[in-house]
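Beneath this line is the structure, given in structure tokens, with notes to follow.
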Amino acid sequence: MTSSLMRDRPRRATAHIRVRVARAVLGALVGAGWLVLPVMTAAAHDPVPAAHVGEVASAAAPEEDETSAADLVLPLVVGVAALALAGYGYLRRTRRSRTRTTPGTVPAQPPTPAPADSERQARAALRLADDCVRTSREELSFVRDRFGEKQSEPFTQALRAAETELAAAFAIWRRYEGGVPEDPSARRQALVGVIGRCAEAGRRLDAEAEALDRLRGFGRGTEGEPEAAEGEVGAALAVAEGRFRELTGRVVAAQNALAALPESYAPSAAGAVTGYLEQAEDRLMFATARLNEARQAADTDDPRRAARQLRAAEGAVAQAGTLVGGVERLAARLREAAGLVPGALSGAEAELAAARRRTGGTVPGGGEPHARPAHADTVLAAVRAELTGGPYDPLDGLRRITRAVEREAGVRPGVLETAALLVARSSVAGAEEFVTVHRGAVGARARARLAEAVRELGAGNPGLADAVAGEARELAGRDVGAWGTPHLGAEVDSAGLAGAVLGGILLAEDPDGGPPAAYGGPRTRSRHHT
């Protein structure tokens, strides 16, 4: 809102200039009057009484001549001074108007940025805030393992608050992308709201970053970098190394489970986790190197380097866990879906028959009779043929069943609702995992769609959540495909380094990958400097 002071500034500035000009003109007129006055006096008849003759008159004659000269000189000096002052004031005002950094007339409102610029700022803010939330979530998992829920509660609360702000920012952005609101001024305010919510999310995390470092024993060195207190780095390393060892065992089991999937399901059933175990091994290789460096730094009394390498290793271990967990999750949900397909088929047929009885075979709202039931029947017949004919994708089969019934009769509580929730949760989790481990390349659009899918799932709309999560996963895959490999220094050992940059574990600020990302907002997330 523009203050009255800002509104009055142009008027006051103009009035001030006018007063200065008037004073200069008045000074010039006074000087000119002093110059003209003697001339007017000399031309007048008997301007003063006649003087007495005699000695007095003769003595006064020279004095009269001197006074006449003074009367001419003094007005001349005053006039010249007035003109000089007026000229100096004019030159000074001209020079100031040409060289000052702010205009003489201040607009009531600052210039409005172009919509494209505001949109770019909003997208960048969404991506940065989302990265900060995901990184903070990863580090906080190690803090909980080390200190427990009670001591970690302040940081958990800050993370939840940041997640709430970020979810609100994504909701505003999604409406903006959909053309709501329509008024240009309201749309500008919507973008301001997105940026403000993201800034608040970052502020919540920034506010707790220093306290988290103190809890972990990461103090501040002479240059403001984290330092690991003696003994604390050993305890933190023990937690990270324990999770590392657990993951190496899980990788072997996940490889066996993934290899067995083609025996029971169609090849497309495992498509969502293609390459996950290779990426998990890449992250673990990177973590191995960083854990070793952290241990060596601790042994040689280099606490800053120890803290930095430990944080990078923790990020890699966390993402390896996400990738391995994705394979385990998919295998478990495929088994669950396979058990639901027969019941879902029977339930779908019953729902369609009931819907036809209610509508008398017509389509609600008009349209061709039996057109939609015929489509639903075709879908159910195809799924049943796949069920009896050989390996198939049970999650995809449930998706087609629930969508066909939802179009015709809606999904009511029962086996079909259970099937719809299973499919939606699997889709949302898959998109979430993909974005998390590729966040160095994924843009704001895919993240916004993922946030919308999470919101729809929470609102009890599994069909919509599944569809939107699929869009998010596709968009994220395109971003990763267009990203390529980061340019890293040739002298740097690149074992796992490109994957660490792709996953956002390292912030890619330097040829060696840059500092590791840490719990915190934009101000503190790169405090582990190299």
Side-chain angles (χ1 to χ4, degrees), residues 261 264-266 268-273 326 329-432 449-450 452-474:
L261 290 182
S264 304
Y265 312 111
S268 61
V273 296
R329 169 198 55 78
L330 180 63
R333 286 180 172 164
L334 283 171
R335 290 192 297 269
E336 186 178 358
L340 280 175
V341 168
L345 279 170
S346 300
E349 290 167 350
E351 288 290 343
L352 289 175
R356 290 166 185 169
R357 287 194 298 269
R358 289 194 301 269
T359 61
T362 61
V363 179
E368 296 181 7
H370 307 295
R372 286 166 60 182
H375 171 74
D377 288 339
T378 301
V379 170
L380 297 184
V383 175
R384 190 173 291 280
E386 292 172 2
L387 175 62
T388 59
Y392 71 108
D393 183 349
L395 280 171
D396 182 63
L398 288 181
R399 177 179 293 111
R400 287 183 287 158
I401 292 170
T402 54
R403 287 183 179 179
V405 176
E406 187 175 18
R407 293 190 189 99
E408 175 61 24
V411 175
R412 294 187 295 178
V415 65
L416 290 176
E417 182 185 44
T418 301
L421 285 172
L422 176 63
V423 169
R425 287 169 181 159
S426 181
S427 295
V428 172
E432 186 77 41
R449 297 301 277 167
L450 175 56
E452 183 183 359
V454 171
R455 188 167 59 251
E456 294 295 345
L457 183 60
N461 302 316
L464 186 55
D466 172 51
V468 177
E471 294 177 17
R473 176 64 175 79
E474 183 179 357

Next on the checklist: Using 0.5 Å steps for rounding, measure from the CG atom of Leu387 to the CG atom of Leu380.
Outcome noted: 12.0 Å
Checklist entry - Do you know the tightest heavy-atom contact between Pro394 and Ala338? => result CB-N, 3.5 Å
Item to check | Pairs flagged by side chain to side chain donor-acceptor pair (under 3.5 Å) wherever residues 332-341 is involved - sequence neighbours left out | outcome: none
Item to check | Reported CG-to-CD1 distance for the pair Asp396 and Ile401, which is rounded to 0.5 angstrom | outcome: 10.0 Å
Checklist entry - Partners of Ser346 by side chain to side chain contact (heavy atoms under 4.5 Å, CB included), sequence neighbours excluded? => result none
Item to check | Nearest heavy atoms of Ala270 and Leu261, plus distance in Å | outcome: CB-CD1, 3.9 Å
Next on the checklist: Testing the basics here: between Ala431 and Ala469, what is the closest heavy-atom pair and its distance to 0.1 Å?
Outcome noted: CB-O, 3.8 Å
Item to check | Non-hydrogen atoms of Ala419 and Leu340 that approach each other most closely | outcome: CA-CD1, 4.2 Å
Next on the checklist: Any side-chain to backbone donor/acceptor pair from Ser426 onto Leu422? Under 3.5 Å, distance only.
Outcome noted: no
Next on the checklist: For a side chain to side chain contact (heavy atoms under 4.5 Å, CB included) check, start with the C-alpha distance between Asp393 and Leu334, then their side-chain angles and the critical distance, and finish with the verdict.
Outcome noted: CA-CA 8 Å; Asp393 183 349; Leu334 283 171; 3.8 Å; yes
Checklist outcome for this item: Across all chains, not counting sequence neighbours, the side chain to side chain contact (heavy atoms under 4.5 Å, CB included) partners of Leu464 are Glu456, Asn461, Val468
Next on the checklist: Please report the interatomic distance CG(Leu450) to CD(Glu432), rounded to the nearest 0.5 Å.
Outcome noted: 4.5 Å
Checklist entry - So Asp466 and Thr402, side chain to side chain contact (heavy atoms under 4.5 Å, CB included) or not? Walk me through it. => result CA-CA 11 Å; Asp466 172 51; Thr402 54; over 6 Å; no
Next on the checklist: Could you report the tightest heavy-atom contact between Arg473 and Ala272, atom names first, then the distance?
Outcome noted: NH2-O, 3.8 Å
Checklist entry - What pair of heavy atoms forms the shortest contact from Pro462 to Ala420, and how long is it? => result CB-O, 3.6 Å
Next on the checklist: Let's go through Arg403 and Glu406 carefully: what are the C-alpha distance in whole Å and the side-chain angles of both, what is the deciding distance for salt bridge (Lys or Arg N to Asp or Glu O under 4.0 Å) to 0.1 Å, and is it a yes or a no?
Outcome noted: CA-CA 5 Å; Arg403 287 183 179 179; Glu406 187 175 18; over 6 Å; no
